[in-house]
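See structure below.
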Amino acid sequence: MYNYRIRIFTIGLIGAVTYYIYFIILFSRSLPDNDLWGYLAFGRCFWEDGYFPFHDIFSYMPTKSLWVYHEWLTGVFFYVIYKFSGSVGLQLLRYIVILLTLYLIYQTALKRGGTPLTAATVLIPTMLLISFGYVPVRAQIFTYLFFILTLYLLECTRKNHSWEILWWLLPIQILWCNMHGGFIAGLGLTGIYAFGELLSGKRFIPYIKFTMLATLVTLLNPYGIEYWLYIIKAIVMPRPDISEWMSVLTALDNDYQRLPVYTYLLLALSCSFLVVFRKEINLTDIFILVVTIYLGAKHIRHNILFGIVFGSYVPVILKEQWEVWKKEYPPFSRFKWLPLSMPLVFLSFIYLIIYPPLSIPLAPSFTLVTPQELFPVGAVRWLKNKNVKGNILPHFDWGEYLIWTCYPECRVAMDGRYETVYEDNVSQEYFDFLNGREKWDIFLKKYPHDIVLIMPKTKTHLLMQNQSSWSLAYSDSGCVLFLRNTDYK
């Protein structure tokens with residue numbers, strides 16, 4: 001008995017250390033997301049300036065009459081944390097949200113009938129896929145948390161027929177819709193459960209009722225019905241110039257984000273194979289998997305939603321399949337170590353891909369770094385030292401960083417808020433400029449830019465060098481800054 005306890009403790013300790021290191025490898029990142037600066041700038045206006053900006057204040061371009069900022073509450077929340085605890089607080093919040101999300105994935109898998117072993121096993125590839133959505137620190141982390149929380153509540157309801165559990169969807173949706181526009185995924189989940197249960201001949205009316213109620217409470221936002229008008233347009237609008245909105249096929253063609261794309265494809269194919277050969281057919285499960293696989297293929301940023309569903313749904317299928325294998329192939333029953341060894345092999349493989357050198361991080365990062373190669377840190381310092389003020393035409397990824405660091409002395413021509421602020425024709429003209437397309441100079445000549453701040457060695461950089469009305473004023477390894485000749489001192 002004593003030896004058995006020692007063995008169980010040893011296995012548990014090895015497992016805990018392995019998962020800890022794996023977690024640190026995947027989620028310990030210090031590079032801030034470009035949108036973070038926009039959240040902080042909005043929160044600064046809310047808390048320090050004392051007003052809610054319904055109209056854009058950061059750009060000098062023609063903008064929409066109403067700025068529907070679907071992440072406004074995230075900005076209000078993040079700014080307070082950053083002001084009093086800096087990057088440590090933001091990173092700690094991110095780690096907490098990740099752990100809660102993983103815990104709920106695990107619990108949902110158990111609720112659906114998976115075993116602790118299969119749930120823990122499937123969690124390993126799940127962690128890899130969803131890790132690509134946790135670049136510090138962005139509003140999407142709340143969508144991932146609320147998505148799995150909604151899925152967990154739906155599974156609890158389906159298993160126990162405790163319909164009162166669904167009342168929790170209402171406060172979740174109120175908070176979710178004010179923190180990120182991804183709340184529509186939660187409404188989609190409840191709607192698909194209603195549809196699946198209807199076709200399965202099961203009780204579905206409560207799902208429909210709570211889908212309607214959850215939709216209704218999303219009107220509790222600062223913009224009212226205008227929020228929904230924005231969301232509907234945002235769902236269907238194309239974003240060809242935004243990399244994370246690429247389809248899987250486009251990403252493969254452009255050799256972009258290979259590891260997450262290949263991971264998604266591997267898990268999607270594996271999941272499809274397991275579902276097709278599963279003896280028990282559950283229409284609701286199939287609809288959820290088909291929709292999330294489709295969304296992940298359509299836009300690589302939605303791979304994470306499929307990853308969450310994969311981690312929640314596959315453990316019970318894997319348990320059933322393992323039992324079948326043991327019956328059909330008796331030798332399998334002797335290899336009780338096989339399910340545990342598979343994730344360990346997977347871990348080793350992923351480690352060699354992500355960290356080829358023999359170095360393992362032992363502690364999570366609590367800093368946020370802005371390297372000069374990725375952010376125009378040197379250019380911002382030069383502008384402040386020279387006391388240069390004016391309208392900045394920036395590289396797209398830097399717009400919100402400039403809003404945070406240079407407002408109100410400088411305003412920007414474009415930033416990551418994109419369709420929430422700027423008209424479609426303005427955005428098109430801007431990306432024509434940024435990519436050096438045929439009509440690239442229309443945007444440059446049409447609007448009152450004082451400063452152009454773009455990446456070096458790009459097509460637009462070469463074109464700007466031939467503009468007689470602009471002069472290169474600053475450059476480093478990560479950016480080049482041009483001033484109008486009349487403003488250059």
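We're numbering straight along the sequence, starting at 1.
A salt bridge is absent between Asp35 and Arg417: the closest approach of a Lys/Arg side-chain nitrogen to an acidic carboxylate oxygen does not fall below 4.0 angstrom. The pair Lys389-Asp450 fails the salt-bridge criterion, with no side-chain N (NZ, NE, NH1 or NH2) lying under 4.0 Å from an Asp/Glu carboxylate O. Using a 4.0 Å cut-off between a side-chain N of Lys or Arg and a carboxylate O of Asp or Glu, Lys111 and Glu155 do not qualify as a salt bridge. The existence of a salt bridge linking Asp424 and Lys64 is excluded, since no basic side-chain nitrogen approaches an acidic carboxylate oxygen closer than 4.0 Å. Using a 4.0 Å cut-off between charged side-chain N and carboxylate O, Glu429 and Lys446 make a salt bridge. By the 4.0 Å N-to-carboxylate-O rule, Glu409 lies too far from Lys384 to be salt-bridged with it. Salt bridge annotation for Lys233-Glu423: absent, with no cationic side-chain nitrogen under 4.0 angstrom from a carboxylate oxygen.
Of the possible donor and acceptor atoms, none in the side chain of Tyr144 sits under 3.5 Å from a partner among the backbone N and O of Ile98. A donor-acceptor contact shorter than 3.5 Å links the side chain of Tyr264 to the backbone of Ala297. Looking only at distances, a side-chain donor or acceptor of Trp398 sits under 3.5 Å from a matching main-chain atom of Leu374. Without hydrogens or angle criteria, Arg44 side chain to Trp404 main chain gives a donor-acceptor distance under 3.5 Å. A donor-acceptor pair is defined here as one N or O able to donate and one able to accept, closer than 3.5 Å; such a pair exists between the side chain of Arg239 and the backbone of Ala234. Although no hydrogens or angles enter the test, the distance criterion places no donor-acceptor pair under 3.5 Å between the side chain of Trp228 and the main chain of Leu219. Under the 3.5 Å distance criterion, the side-chain polar atoms of Asn160 are left unmatched by any main-chain donor or acceptor of Ser162. Panel note: side chain Arg411, backbone Ile57; a donor-acceptor pair is recorded below 3.5 Å.
The ring-ring contact (aromatic ring centres under 6.0 Å, His included) contacts involving residues 87-129 comprise Tyr95-Phe366, where partners must be two or more places apart or lie in separate chains.
Among Leu252, Asn303, Ile300, the one residue that satisfies the side chain to side chain contact (heavy atoms under 4.5 Å, CB included) test with Gln257 is Ile300.
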For residues 174-191, please give each side-chain donor-acceptor pair under 3.5 Å, one per line with the distance, not counting sequence neighbours.
| residue | atom | partner | partner atom | Å |
| --- | --- | --- | --- | --- |
| Trp176 | NE1 | Thr143 | OG1 | 3.0 |
| Asn178 | OD1 | Trp72 | NE1 | 2.8 |
| Asn178 | ND2 | Ile174 | O | 2.7 |
| Asn178 | ND2 | Leu220 | O | 3.1 |
| His180 | ND1 | Thr143 | OG1 | 2.7 |
| His180 | ND1 | Gly182 | N | 3.1 |
| Thr190 | OG1 | Leu187 | O | 2.9 |
| Thr190 | OG1 | Thr211 | OG1 | 3.1 |

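The minimum heavy-atom distance linking Ser28 with Ser365 is given by the pair OG-N, 2.6 Å.
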What verdict does the side-chain hydrogen bond (donor to acceptor under 3.5 Å, both in side chains) test give for Tyr60 and His449, after you've listed the backbone C-alpha separation in whole Å, the side-chain angles of each residue and the deciding distance to 0.1 Å?
CA-CA 9 Å; Tyr60 58 90; His449 316 295; 2.5 Å; yes
Between Phe147 and Val309, is the side chain to side chain contact (heavy atoms under 4.5 Å, CB included) condition met? List the steps.
CA-CA 9 Å; Phe147 184 81; Val309 172; 3.9 Å; yes
Step by step, would you call Phe431 with Tyr418 a ring-ring contact (aromatic ring centres under 6.0 Å, His included)?
CA-CA 11 Å; Phe431 283 110; Tyr418 194 41; 5.7 Å; yes
Evaluate the side chain to side chain contact (heavy atoms under 4.5 Å, CB included) criterion for residues Phe210 and Thr157: first the C-alpha distance (whole Å), next the side-chain angles of each, then the deciding distance (0.1 Å), finally the verdict.
CA-CA 12 Å; Phe210 280 97; Thr157 299; over 6 Å; no
Steps toward side chain to side chain contact (heavy atoms under 4.5 Å, CB included) verdict (Phe132, Arg301):
CA-CA 9 Å; Phe132 301 106; Arg301 66 176 277 149; over 6 Å; no
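When ring centroids are compared, Tyr447 and Phe443 come within the 6.0 Å threshold. In this structure, Tyr79 has its ring center no closer than 6.0 Å to that of Phe84. In this structure, the ring of Tyr223 has its center less than 6.0 angstrom from the ring center of Phe54. Between His299 and Trp245, the gap from one ring centroid to the other is short of 6.0 Å.
The number of heavy atoms from other shown groups lying within 6.0 Å of CD1 (Ile281) does not exceed 12. Within a 6.0 Å radius of CH2 in Trp47, other residues, nucleotides and ligands contribute 12 heavy atoms or fewer. Counting non-hydrogen atoms of other residues, nucleotides and ligands closer than 6.0 Å to CE of Met237 gives a total above 12. The number of heavy atoms from other shown groups lying within 6.0 Å of CH2 (Trp168) does not exceed 12. The local environment of CZ in Phe52 is crowded, with over 12 non-hydrogen atoms from other residues, nucleotides or ligands closer than 6.0 Å.
Neither side chain, Gln91 nor Thr367, offers a donor N or O lying under 3.5 Å from an acceptor on the other. For the residue pair Glu419 / Tyr230, a side-chain donor-acceptor distance below 3.5 Å is found, with atom types taken as modelled. For the 3.5 Å distance criterion, the side chains of Thr118 and Thr121 fail to qualify, holding no donor opposite an acceptor.
Cation-pi geometry between Arg94 and Phe27 is not met at under 6.0 angstrom from the ring centre and within 45 degrees of the axis.
With sequence neighbours excluded, the residues that form a side chain to side chain contact (heavy atoms under 4.5 Å, CB included) with Val290 are Ile286.
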